[in-house]
Amino acid sequence: MHASRSHLPTSGESLLRLVSACRAPAHLPSLRAAHARLLVLLHPSHPSAAHASVKLIQAYAACSALPLAHAVLESSSSSSAGGSSRTTTVCFNVLIRALTAASLHRDALVLFASMRPRGPACSPDHYTYPLVLKSCAASNDLLLGLQIHSAVAKLRLDANVYVAHSAISMYARCGRPEDAYRVFDGMQHRDVVSWNAMIAGFARAGLFDRAIEVFKQFVVLPGSMPDAGTMAGILSAMGNAKSEDIVFVRSVFNNMQFKELISWNAMLAVYANNGYHVKAVELFMLMEKDEVEPDSVTLATVLPPCGELSAFSVGKRIHEIIKRKNMCPNLLLENALMDMYANCGCLKGARDVFDSMSARDVISWTSIISAYGKHGHGREAVYLFEKMLEEGLKPDSIAFVAVLAACSHAGLLDDGKSYFDSMTSRYHITPKAEHYTCMVDLLGRAGCISEAYDFITTMLIEPNERVWGALLQACRIHSNMDIGLVAADNLFRLVPEQTGYYVLLSNMYARAGRWADVTSVRSVMVNKGIKKFPGTSIVELGDRVHTFHIGDRCHPQSEMIYQKLDELLGKIRRMGYNPEVEATLHDVEEEDKEGHLSVHSEKLAIAFLLLNTSPGTTIRVTMNLRTCSDCHLAAKLISVITSTEIILKDTNRIHHIVQGVCSCGDYW
DNA sequence: TTAGGGTTAG
C-alpha cells in the first residue's frame, strides 16, 4: 500500500487492488501514484476505465479527499462516451454516498440536483433516491423530500423497497408520520426493515403508542424475525413506557435467536431510560456470563444505572474493562464514568477521570461541577465553572443547572444570584423550571422566603410542582406558615396525587403545633386513597442489590438486622441521641412514632451492611426520598461508634459522613 | 462497481 512510484504494480488489475486498499488519509500518496499510473494505462475508452473511476472515487472519499473524488467524477462524466451511461450514474451514487456518510447532506443534495441537467447519462436511479431521501430527512427538508418522492413515483421506482424505506423514514423525520404510514401501508412486500422503519418512524414522530402497536403487530406475525433494528427502533418509543410493554420487549429480546450487540444495547437502554436500574445491571451481568463482548455504547448505557444504584463494584469493574480495552480517550465513556463515580459517592474517582482526560467538552465540565455540588463542595464547583469559562467553553442550560444546584447545596446565595443573572443577560439562555427550582431552593433555604416567593411570581413560565415543592420545603424549615399554605395550595392544584407534599405540609402543621390541620391533611389522604410513598433504600453487596422498605421484615436476615439496629440505637442513645419525633407524621402515639422512625429504610440498610461487611468498610446507601433529619443524625452517630464512613445518597444530594461530620454541613 | 431501518454521557 505504501508503494512508491517505482514499486507500483504494472497491471491494471493489481493497480485497482491497490486503489481499493487505500482507506485512510495516510494512504493518499500511494493512491495518487496509482491513479496517475492508471491514467497512463487505461484510455478513457478502455472497458476497465469506468470501473476504475468508481473505485477511485470510493478510495479518495475513504481517504477524506472529497475534492479529489469530485475531480474523478467530473473527468469520468465528461468522457462518459467511453463507458455506459450506467457508469456515470454509479459514480454519482458513490460520491453522494460518501457525502451523506460525512453528514454533508446539503452537498449531497446539490450534487444530486446537478445530475439531471447533465443529460440522460446521469439519470438518478433506484440507488440514488434512497441516499437523497435520507439527506432530506437529515436536513429536515420536507419540501425537497416531497418533490423527490413524487419524482420517484413518476419513474415507478416507488415499488423498490429501498426507496420506500427511505421515504418512510424521510416523512417520519420531517414530521409527517401519516404520509410515512401511507407509504408503508401501500407496500406490496414488506421485509423486516419495512417494519423497523415504520416503528422507528412513529417513535421519532413522538407517536409512541403507534410505534408500540406496529412493533406488536410485527412480532406476532408468523415467521417474523425481529432484529437489532427492531430493538433500536422500539427503544426510542419507550421513553416513559408502561411496565407491561417493557416486559413484552424483554420477551421479544429473549426469543431472538441471534442477539446482535445492538439488541443487547437497546434492551439495556430500555431498562436504563425507564428507571429499571437493577434490571439494567442484571442484564449487563448476563452479557458477561454469556461472554458477549461489550462496546463503548454498552458501557455508556450501563454506567448511569450503576451510579443510580451506587453499585460501585460493578462500576469499578466497568472502568477496568474500559482500561483493558483501551477505549479511552472517549468523551462519552469518560463523562459517564465521572458521573458513575460521583453518584457512588466517590468524588476522588470522578476527579481522577476528569484529570486524566485529554479533551473535555461542556458535558465533562458539567459532570465534574455537579459532582462537587452534590457532595456539598460548592466553592470548588464554582471554581471549576469559572475554569470552564476560562477555557473558552460556553456553558449551556444544563451547565447552569449544575452550578446553580451546587450554589444551593452549599448556601452560596450571592454566587447563585449572579449566575442566574449572567445566564439570562450574558448567555441569553431562557431559564427553565430546573433553574427556577434551584433559585427558589437557594433563596428559601437561606431564609429569604418572601424573596423566593416574589421570585416565583416573576417567572416567565408557569411554576411547576418542583418549584412550589422547593418553596414548601423552605417554609417548613423556617416555619413560614403563610407562604407555606400558598405553596401547598398550588401543589394540591398541580399534583393532587403526589403524597410527598402532603407529608411535607402535614409536618409543617405539626411543627407549628396545628394538630387539627395535621388531622385534616391526613383525612384528605385517606379520602383520596393516598398512601405515603414508600421509602426505599438500596445497597450493593457483592454482585447483588438489596432493597429495604420502611419497616421491612421480608429480608431473609430480618431478625439479625433488627437485632443489630437495636444494638446500634442503644449505643447512640447513650451518646445522647433522641429520636426526632417531629420528623414523621403526627398520627400515632409518641412511643409508636419512635418505633416507626427506627425502621426507616436507610437505618435498616445501614444495619444490614454493618452486619455483612468487615469493620471499617465504607458503606453506601441509596434512597428514593430525601433522607429525614433523624436518619441523618443517626447515621452521623453510627459513623462514630463503628468508625465507618457512610455515604448516604438521597434524591437530592450525597451525604458523605466521616466520624460524625457530614459533607453537607447539615445544610440540606 | 452503488442502496434502506437502528444503539451511547451532563
Side-chain angles (χ1 to χ4, degrees), chain A residues 16 20 48 50-58 83-84 86-87 89-98 100 124-134 137 157 160-170 172-173 180 184 191-201 203-204 226-236 260-270 272-273 294-304 307 330-340 342-343 350 360-371 373 395-402 405:
Chain A
L16 283 181
S20 300
S48 299
H51 183 197
S53 298
V54 173
K55 289 289 162 201
L56 283 164
I57 293 170
Q58 275 181 324
S84 69
R86 290 278 311 127
T87 312
T89 298
V90 173
C91 286
F92 271 95
N93 292 345
V94 170
L95 186 54
I96 290 174
R97 167 91 181 107
T100 58
D125 65 2
H126 53 296
Y127 281 78
T128 323
Y129 287 109
L131 293 166
V132 291
L133 284 169
K134 188 178 185 172
L157 288 174
N160 179 291
V161 286
Y162 290 86
V163 175
H165 297 157
S166 44
I168 291 171
S169 179
M170 182 276 293
R173 280 170 182 260
F184 173 79
D191 66 12
V192 60
V193 178
S194 322
W195 289 91
N196 294 353
M198 196 63 249
I199 293 164
R204 187 166 282 277
D227 67 4
T230 322
M231 290 296 294
I234 198 62
L235 162 61
S236 35
E260 294 165 70
L261 186 55
I262 291 182
S263 301
W264 286 93
N265 291 350
M267 193 67 237
L268 280 173
V270 167
N273 297 343
D295 66 359
S296 61
V297 177
T298 316
L299 304 179
T301 308
V302 78
L303 278 168
N330 178 321
L331 272 177
L332 220 66
L333 276 177
E334 289 159 321
N335 294 346
L337 273 172
M338 274 191 281
D339 231 47
M340 180 279 292
N343 281 328
R360 302 179 186 99
D361 62 4
V362 174
I363 299 179
S364 320
W365 286 92
T366 304
S367 295
I368 196 71
I369 290 164
S370 77
D396 63 7
S397 173
I398 305 174
F400 273 105
V401 173

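Contact annotation: A:R86 side-chain N/O to B:dT1 OP1/OP2 distance is not under 4.0 Å. Look at A:R173 and you'll find a side-chain N or O under 4.0 angstrom from OP1 or OP2 of B:dG6.
Between the base of B:dG4 and the side chain of A:D191 there is a donor-acceptor pair shorter than 3.5 Å.
With sequence neighbours excluded, the residues satisfying side chain to side chain donor-acceptor pair (under 3.5 Å) with A:N335 are A:D361, A:S364. Considering only residues two or more places apart in sequence or on other chains, A:D125 meets the salt bridge (Lys or Arg N to Asp or Glu O under 4.0 Å) condition with A:R86.
If you take CD1 of A:I398 and C1' of B:dG10, they are 6 Å apart, rounded to a whole angstrom. B:dA9 atom P lies 11 Å from atom CG of A:N335, rounded to whole Å. A:D295 has its CG atom 8 Å from the C1' atom of B:dT7, to the nearest Å. Counting to the nearest Å, the P atom of B:dT1 and the CG atom of A:D125 are 16 Å from each other. One interatomic measurement links the two molecules: CZ of A:R204 to C1' of B:dG4, which rounds to 15 Å at whole-angstrom precision. Nucleotide B:dT8 holds its C1' atom 9 Å from the CG atom of A:N330, rounded to whole Å. The nearest whole Å value for the distance from the CG atom in A:L332 to the P atom in B:dT7 is 13 Å. Nucleotide B:dG6 holds its P atom 18 Å from the CG atom of A:L261, rounded to whole Å.
Considering only the side chain of A:V161, B:dG4 comes nearest among B:dA9, B:dG4, B:dT7. Set against B:dT1, B:dG4, B:dA9, the side chain of A:Y162 has B:dG4 as its closest nucleotide. Closest to the side chain of A:I363, from the set B:dA3, B:dG6, B:dG10, is B:dG10. Residue A:L331 places its side chain closer to B:dA9 than to any other of B:dG10, B:dA9, B:dT1. Taking every side-chain heavy atom of A:A200 into account, B:dG6 is the closest of B:dA9, B:dT1, B:dG6. Here the nucleotide nearest the side chain of A:D339, chosen from B:dT8, B:dG6, B:dG10, is B:dG10. Considering only side-chain atoms of A:Y127, the nucleotide from B:dG4, B:dA3, B:dT7 that sits closest is B:dA3. Set against B:dT8, B:dG10, B:dT2, the side chain of A:S367 has B:dG10 as its closest nucleotide.
Proximity of A:N273 to A:L235: side-chain heavy atoms (C-beta onward) are separated by under 4.5 Å at one or more points. Considering only heavy atoms from C-beta on, A:I363 stays 4.5 Å or farther from A:L331 through its side chain. Contact of the A:T128 side chain with the A:I96 side chain is registered, since non-hydrogen atoms from C-beta on lie closer than 4.5 Å.
Using a 4.0 Å heavy-atom cutoff across all strands shown, A:V193 reaches at least one base atom of the nucleic acid. The residue A:V362 sits close to a base: some heavy atom pair falls under 4.0 Å. Residue contacts shown for A:A228 include a base, since a base heavy atom lies under 4.0 Å away. As judged by a 4.0 angstrom heavy-atom cut-off over every strand, A:L235 is placed among residues touching the sugar-phosphate backbone only. Nucleic acid contact class of A:I262 (heavy atoms, under 4.0 Å, all strands): base. Contact annotation for A:E334: no contact, since no heavy-atom pair falls under 4.0 Å across all strands. At the heavy-atom level, A:D396 lies under 4.0 Å from base atoms of the strands shown.
Listed here is the closest heavy atom pair of A:A167 and A:L133: N-CD1, 4.0 Å.
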